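Have a look at the structure below, then the notes.
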Amino acid sequence: MYKCNEYVYFCDMANYEEVFKKVVAHAKEYGFIFQSSELYDGLAAVYDYGPNGSELKNNIRNYWWKSMVNMNENIVGLDSSIFMHPTTWKASGHVDAFNDPLIDNKDSKKRYRADVLIEDYVAKIEGKIEKEVKKAIKRFGDSFDKEQFVGTNPRVLGYKSKCMSIMQRFSEAMAANKLDDVKTLIKELGIVCPVSGTKNWTDVRQFNLMFKTQMGSTADGASDLYLRPETAQGIFVNFLNVQKTARMKIPFGIAQTGKAFRNEIVARQFIFRMREFEQMEMQFFVRPGKEMKWYEHWKDSRMKWHLSLGIDKELFRFHDHDNLAHYANAACDIEFKFPFGFKELEGIHSRTDFDLKSHQKHSGRKVQYFDPEINESYIPYVVETSIGLDRMFLTILSNSYKEEKVNGENRLVLSIPALLAPVKAAVLPLTKKDGLPEKAREILSLLQCDFLCQYEEKDSIGKRYRRQDAIGTPYCITVDHQSLEDNTVTVRDRDTMAQERVAIDRLYTLVSKKVDFRNYL
RNA sequence: GCGGGAGUAGCUCAGCUGGCCAGAGCAUCAGCCUUCCAAGCUGAGGGUCGCGGGUUCGAAUCCCGUCUCCCGCUCCA
């Protein structure tokens with residue numbers, strides 16, 4: 001297990017926002033994260049990973065992958081494409097469930113779904129019909145024939161046709177993608193904001209979850225595609241391929257990491273909610289009825305994974321979902337206490353057979369598994385673990401950022417778990433003369449095949465230590481004059497700042513042990 | 001989309017009652033020092049003051065417009 005040293009937290013809870021700003025500034029200054037397209041004033045909610053950031057991100061991804069694929073013989077990997085057949089997103093529910101027309105009231109600043117406003121309005125008219133019916137019941141008593149009344153009463157007929165024409169206009173406008181007409185309709189109907197009571201509406205805008213693009217080099221021959229909003233569907237669509245070719249038996253899982261794209265209505269909080277982000281997902285296929293057992297298993301297993309990185313367990317919590325999505329029968333999040341509060345880091349969902357069943361229906365192919373144990377074919381149930389790689393990155397980064405007092409001076413250190421640290425060791429000649437640089441470069445060549453190392457000779461040794469602290473390098477290896485005589489160096493530990501005299505031929509083992517996967521999981 | 005805040009060197013900022021020609025610290029680079037926990041010495045590079053327009057003899061500084069970022073609200077699989 002990674003051991004957390006006792007750090008003096010420079011900033012307390014009240015300064016959380018300040019800490020967050022510092023983390024963001026630090027991330028830029030030391031080449032972890034840059035605003036996308038900064039040269040052109042930036043692109044909102046998109047970020048780039050710099051030299052240290054891309055290393056850290058790779059290391060997190062690898063740690064996840066090894067934990068999932070290497071350490072579970074019933075989990076295999078997959079790398080499916082970002083482009084998928086458009087029907088995929090029909091089947092998954094993304095096309096229908098997530099493209100709502102939105103409208104804002106300028107006075108109350110409230111946002112509504114335009115279709116809901118119109119439907120509510122129609123519901124009001126339908127309420128009037130009910131009133132007419134009730135009145136008629138009073139008037140006619142037992143001899144009242146509701147169907148006849150509703151079919152002939154001029155006032156009711158008027159209401160009914162009004163409802164129908166409204167809904168028809170609405171669906172025509174939506175079908176033709178004429179959002180102006182939707183707004184016109186809302187205005188004509190005199191719909192007011194329930195909060196402000198005014199008709200001061202903005203234009204209707206379409207909210208599309210998915211990014212649309214075209215495949216095909218010529219515009220007229222092109223077909224519309226989406227950039228995937230989740231990697232999971234690539235796994236589901238390949239369920240049979242993987243199961244058959246890897247000869248997997250249920251229960252088994254398929255793991256995948258990769259980019260996903262979502263048009264968030266608001267995308268903020270640094271890399272927490274981005275429009276382009278990376279997921280690490282594992283879909284675990286089980287026999288129907290066994291899903292709750294596996295759901296509990298993966299909840300437990302995933303929490304252990306997080307704690308294996310040595311982060312304080314008080315900073316994690318489970319959050320069970322009350323309102324389940326259309327595909328789930330149980331769902332929870334693992335939340336992490338980010339500088340801006342507890343937020344979702346990973347989701348663990350029991351997705352039932354919704355996805356595979358839907359793909360079976362839309363493809364017309366049998367998407368099933370024959371279970372020899374019970375001699376039956378069935379559509380497997382799925383338990384999903386889905387973690388945001390970028391969110392995990394932010395977890396590590398914000399948790400690692402420490403400012404401590406050392407002899408009255410501030411020391412800024414990223415206490416990144418050694419396994420994940422971008423640079424594993426820095427090799428530093430105490431001075432740049434007397435053959436020390438040459439000796440240092442020899443040491444560098446001993447290590448650099450297996451560990452990312454840095455060589456530095458500029459500035460005083462203390463300054464170089466602090467620079468390495470700022471990017472979270474676990475070990476600094478310093479070559480001095482004694483090294484030339486007895487082939488030993490000093491190894492300085494990032495967290496304790498303790499120094500140890502070590503023989504050069506022991507360095508490889510020392511660093512290996514420090515960053516060994518075995519220490520963690 | 002609305003409301004609030006902000007945009008000056010890689011970073012943190014000063015200058016903003018209009019007029020030393022755009023500054024400081026840190027960082028970067030070269031050299032000196034040869035030093036085991038940063039900020040020693042010398043020198044150098046780097047900024048169309050977000051962008052566009054206007055007022056003025058003259059604007060980073062005033063006015064208008066515009067863009068971008070950050071925070072809050074609305075949405076959230």
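Note that these values count all heavy atoms, side chains included, but never hydrogens, waters or copies made by symmetry. These numbers come from a predicted model, not from an experiment. Chain naming here is simple, since letters A, B, ... match the order of the sequence lines and numbering starts at 1 in each.
Using a 4.0 Å heavy-atom distance criterion, A:Q35 is classed as a sugar-phosphate-only contact. Contacts of A:L436 with the nucleic acid, taken as non-hydrogen atoms under 4.0 Å apart, are absent. Using a 4.0 Å heavy-atom cutoff across all strands shown, A:F277 reaches no nucleic acid atom at all.
Between A:Y47 and A:F34, the gap from one ring centroid to the other reaches at least 6.0 Å. Taking the six-membered ring wherever Trp is involved, the centroid distance between the rings of A:Y226 and A:F83 does not fall below 6.0 Å.
With RNA chain B read from its 5' end, the first of the two nearest nucleotides for A:P229 and A:K28 is the one closest to A:K28.
Annotation: A:R317, atom CZ; neighbour count of heavy atoms from other residues, nucleotides and ligands within 6.0 Å is above 12.
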Where protein sits on nucleotides 25-37 of chain B, one letter per nucleotide: B base, S sugar-phosphate only, - none, heavy atoms under 4.0 Å: --SSS---SB-BB
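With a 3.5 Å ceiling on both atom-pair distances, B:rC21 lacks any Watson-Crick or G-U wobble partner. B:rU68 is paired with B:rA6 under the criterion used here, namely a Watson-Crick or G-U wobble arrangement in which both key atom distances are under 3.5 Å. Across all strands shown, B:rG58 forms no Watson-Crick or G-U wobble pair with both key distances under 3.5 Å. Under the Watson-Crick or G-U wobble criterion, with both distances below 3.5 Å, B:rG46 has no partner in any strand shown.
The separation of B:rC33 from B:rG43, taken at their C1' atoms, amounts to 15 Å, rounded to a whole angstrom. Here, B:rC64 and B:rC73 have their P atoms 30 Å apart, quoted to the whole Å. Nucleotides B:rC11 and B:rC2, compared at atom P, are 30 Å apart to the nearest Å. One P atom belongs to B:rU42, the other to B:rU56, and the distance between them is 48 Å to the nearest Å. Comparing the C1' positions of B:rA39 and B:rG3 gives an interatomic distance of 43 Å, to the nearest angstrom. Taking atom C1' in both B:rG5 and B:rG50, one finds a spacing of 16 Å when rounded to whole Å. Here, B:rC20 and B:rA59 have their C1' atoms 16 Å apart, quoted to the whole Å. Taking atom C1' in both B:rA60 and B:rA22, one finds a spacing of 8 Å when rounded to whole Å.
Between A:F272 atom CZ and B:rG72 atom P there is a gap of 12 Å when expressed in whole angstrom units. Regarding A:N263, its CG atom lies at a distance of 13 Å from the C1' atom of B:rC75, rounded to whole Å. The interatomic distance linking A:D48 (CG) with B:rC69 (P) rounds to 13 Å, in whole Å. If you measure from atom CZ of A:R275 to atom C1' of B:rC69, you get 13 Å, rounded to the nearest angstrom. Distance, A:R262 CZ to B:rC75 C1': 13 Å, rounded to whole Å. As a whole-Å value, the separation of A:E38 CD from B:rC69 C1' is 10 Å. A:R273 places its CZ atom 14 Å from the C1' atom of B:rG72, with the value rounded to the nearest Å.
In summary, the side chains of A:E230 and A:Q279 do not present any donor paired with an acceptor at a separation below 3.5 Å, with no hydrogens or angles considered. With no hydrogens or angles considered, no side-chain donor-acceptor pair links A:N329 and A:T352 at under 3.5 Å.
Contacts of A:K432 classified as side chain to side chain contact (heavy atoms under 4.5 Å, CB included), with partners at least two apart in sequence or in another chain: A:P437, A:E457. In terms of the side-chain hydrogen bond (donor to acceptor under 3.5 Å, both in side chains) criterion, A:E438 has no residue partners (sequence neighbours excluded).
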CA sep, side-chain torsions, deciding dist, call: A:R262, A:E276, salt bridge (charged side-chain N to carboxylate O under 4.0 Å, His left out): CA-CA 7 Å; A:R262 296 181 190 180; A:E276 173 181 341; over 6 Å; no
